[in-house]
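Protein chains get the first letters and strands the later ones, always in sequence-line order, with residue 1 at the start of each. These numbers come from the heavy atoms of this one structure, side chains and all, not from hydrogens, waters or symmetry mates. Computed from a predicted model, the values in this text were never measured in an experiment.
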Amino acid sequence: MLQVITFWILASVTVLSAFFVVAARNPVRSVLWLILAFFSAAGLFVLLGAEFLAMLLIVVYVGAVAVLFLFVVMMLDVDFTELKQGFLSYLPFGGLVAVVLAAELILVGQAWTEAGVVAPASASTTPDTVPNLEALGMLLYDDYVYFFQAAGLVLLVAMIGAIVLTLQHKPHVKRQNVAEQVGRDRKTAVTMHDVKSGEGLDE
Amino acid sequence: MEFLQTLIGWESWAPAVQWTTLAVLQILAFMVVLLISLAFLLLMDRKVWAAVQMRKGPNVVGAFGLLQSFADFLKFVFKEIVVPAGADRTLFLIAPLITFILAFIGWAVVPVAPGWVIADLNVGIMYLFAISSLGVYGIIIGGWASNSKYPFLGALRSAAQMVSYEVSIGFIIVTVLLLAGSMNMSVIVEQQAGGFWNWNMLALHTLPVPMFLVMIPMTGIFFISALAETNRPPFDLPEAESELVAGYQVEYSSTPYLLFMIGEYLNIVLMCAMTTILFFGGWHAPFEFLSFIPPFFWFAAKVIFFFFMFAMVKALVPRYRYDQLMRLGWKIFLPTSLFAVAVVGGYVAYSGAAS
């Protein structure tokens with residue numbers, strides 16, 4: 001019973017906050033609603049018995065990706081009224097995409113339950129014998145290790161690419177060299193001059 | 001009447017109600033204990049700085065100033081809540097609540113003694129990591145909603161800082177997970193039974209493989225990252241009073257400010273508890289013959305010791321510059337902890353400890 005109540009609360013919060021992502025006037029509030037949607041989706045994962053995925057969703061999307069979203073959106077100077085004017089003209093197209101998506105999801109759901117082709121997969125998200133964390137680890141690191149590593153490499157290349165594109169070496173920027181700073185001693189740092197009064201140093 | 005009962009389905013409701021009541025009572029008891037001990041930890045914090053600076057510290061309210069925290073509490077509660085003009089009112093008031101609530105729900109998976117844990121999740125450590133990664137929202141929302149430049153700058157700094165140091169904390173947690181072979185906090189603590197040489201800091205049970213060469217640096221890096229994650233000195237750039245007045249909480253007064261402070265201090269104590277559980281054997285005594293003292297005492301003693309260390313660091317170490325902070329996080333801690341994950345992973349794979 002508690003499960004059912006929890007499901008309905010989480011599901012309705014997810015859908016409502018997803019609605020407000022679009023409906024909110026202020027982009028920062030949109031992102032905050034998005035974060036709430038992520039969070040409730042993580043709750044739904046927990047109900048499915050996929051607690052590791054739920055935690056990953058929170059750590060990766062809520063804890064890192066959404067923070068960066070928020071970061072960018074907060075610093076943007078967006079003209080809200082101009083943004084709102086475009087809203088209605090995009091409505092038919094957006095609605096069409098939504099209808100197609102919903103139709104596809106319903107179709108897949110129907111086929112999934114009726115056809116016997118994928119029947120074993122629908123039985124349980126995780127095998128009964130091992131916790132779902134171990135099951136996930138077995139799949140990723142035993143069965144599909146090369147694909148997993150390849151995906152990691154793609155991400156690495158993307159990351160290096162982004163850094164290379166944005167990295168600039170400005171010639172006149174002073175950078176701190178900690179080793180040099182720590183390695184200084186009296187001999188290299190201090191020089192003694194015998195300055196005659198009224199003449200000063202020319203250096 | 002019978003019809004009504006079947007409609008509501010009382011039989012199916014009863015366990016749910018019972019479970020909820022029990023859980024709520026447990027949580028309330030835990031919260032009360034936590035808040036009261038927090039009041040005295042706060043006093044200890046101030047007394048330690050005072051002692052380092054050769055002052056007396058708070059000593060007027062109650063004997064030795066013992067009631068100072070309660071006096072401060074009342075002072076904050078009775079002040080007026082000022083919401084700045086042009087601030088986003090809702091978010092401005094939600095932000096301290098987020099910090100406050102997140103600081104509490106993280107404690108749900110912390111085992112303080114054998115079986116003394118509110119939720120014994122089998123992904124406990126992931127949960128704690130997830131909750132601590134959410135902590136940034138209270139600060140960033142508070143800074144933005146204040147509609148003022150200094151809080152906003154403080155919030156941005158804080159977000160960048162917390163996201164950066166989370167990465168190395170994550171990797172360090174992975175090394176402990178690999179050694180323990182579980183994500184359940186109670187199992188991680190149970191694995192370190194038998195004496196201080198089995199604690200993950202030393203991990204001498206892995207001998208002849210000298211795993212302590214990896215784990216001692218990891219302990220240090222975790223402690224420093226914990227300082228950065230909780231915005232404590234020497235990494236308190238988000239609220240650097242010499243540059244940003246008080247960072248994200250400039251505009252906060254009264255109870256919202258109090259909620260921020262309680263949340264911040266609860267997070268610090270949570271980090272102390274995490275250090276204790278991950279590296280210092282949780283509730284286990286350092287020697288077997290000392291285990292006649294109840295486990296809860298050992299846990300509390302270790303947490304208080306780390307809290308003392310946090311206070312000492314605040315008293316002794318000057319604040320980092322921002323570029324130094326980022327350099328330390330990304331160029332030193334991240335590669336070191338990544339390397340440590342590879343080393344510990346290699347050990348676990350080849351020693352057969354995983355199977």
Side-chain angles (χ1 to χ4, degrees), chain A residues 1-6 24-29 31-33 35-36 38-39 42-43 45-46 49-76 126 130-134 136-138 141-142 163 173-178 181, chain B residues 8-20 23 88 90-91 94-95 98 121-137 139-141 143-145 152 155-156 158-160 162-164 166-167 170 177 181-184 321 323-324 327-328 331-332 345 349 354:
Chain A
M1 198 62 212
L2 199 58
Q3 241 182 340
V4 180
I5 300 170
T6 318
R25 284 178 180 278
N26 189 326
V28 172
R29 288 199 168 189
V31 177
L32 292 175
W33 283 116
I35 291 160
L36 185 61
F38 279 149
F39 197 79
F45 270 129
V46 172
E51 65 269 15
F52 181 69
L53 275 184
M55 295 305 149
L56 268 194
L57 186 73
I58 291 182
V59 169
V60 175
Y61 281 92
V62 183
V65 175
V67 172
L68 294 183
F69 270 10
L70 209 57
F71 219 97
V72 174
V73 169
M74 277 179 178
M75 294 206 277
L76 286 180
T126 50
V130 288
N132 71 59
L133 177 59
E134 268 176 48
L136 202 66
M138 299 270 195
Y141 288 100
D142 289 355
I163 293 174
V173 174
K174 283 186 180 171
R175 289 182 194 282
Q176 185 182 21
N177 186 342
V178 175
Q181 221 173 326
Chain B
I8 306 169
W10 176 246
E11 277 74 27
S12 57
W13 277 86
V17 170
Q18 199 182 7
W19 183 86
T20 314
D88 191 326
T90 331
L91 290 181
I94 283 179
I98 293 178
L121 294 184
N122 66 353
V123 287
I125 193 95
M126 275 298 283
Y127 169 84
L128 208 50
F129 186 55
I131 294 302
S132 79
S133 74
L134 289 181
V136 65
Y137 282 111
I139 292 172
I140 197 169
I141 293 173
W144 181 79
F152 186 54
L156 289 183
S158 170
M162 290 172 88
V163 170
S164 309
E166 239 149 53
V167 185
L177 293 187
S182 171
M183 282 196 173
N184 187 316
R321 216 170 53 212
D323 62 316
Q324 293 171 326
R327 176 178 167 274
L328 188 70
K331 293 189 180 171
I332 300 175

If you count every heavy atom of other residues, nucleotides or ligands that lies below 6.0 Å from [X] atom [atom1], does the total exceed 12?
| X | atom1 | value |
| --- | --- | --- |
| Tyr61(A) | OH | no |
| Phe69(A) | CZ | no |
| Phe152(B) | CZ | yes |

With a 4.5 angstrom heavy-atom cut-off, could you sort out which part of [X] is near chain B: side chain, backbone, both or neither?
| X | result |
| --- | --- |
| Ala54(A) | neither |
| Leu32(A) | side chain |
| Val28(A) | side chain |

- Considering only heavy atoms and a distance below 4.5 Å, find which of Thr20(B), Ile141(B), Asp88(B) pairs most often with chain A.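 Option with the top pair count is Asp88(B).
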- Relative to chain A, which of Thr90(B), Leu134(B), Val163(B), Val136(B) shows the most heavy atom pairs under 4.5 Å?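 Ranked by heavy-atom pairs under 4.5 Å with chain A, first place is Leu134(B).
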- Query: Side chain, backbone, both or neither: which part of Ile140(B) has an atom under 4.5 Å from a heavy atom of chain A?
  - Reply: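 For Ile140(B), heavy atoms of backbone and side chain both lie under 4.5 Å from chain A.
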- Between Leu70(A), Leu57(A), Ile35(A), which shows the greatest number of heavy-atom pairs under 4.5 Å with chain B?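 Counting heavy-atom pairs under 4.5 Å, the top option is Ile35(A).
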Heavy-atom side-chain contact between [X] and [Y] under 4.5 Å:
| X | Y | result |
| --- | --- | --- |
| Met126(B) | Ile58(A) | no |
| Phe129(B) | Glu166(B) | yes |
| Val67(A) | Met162(B) | no |

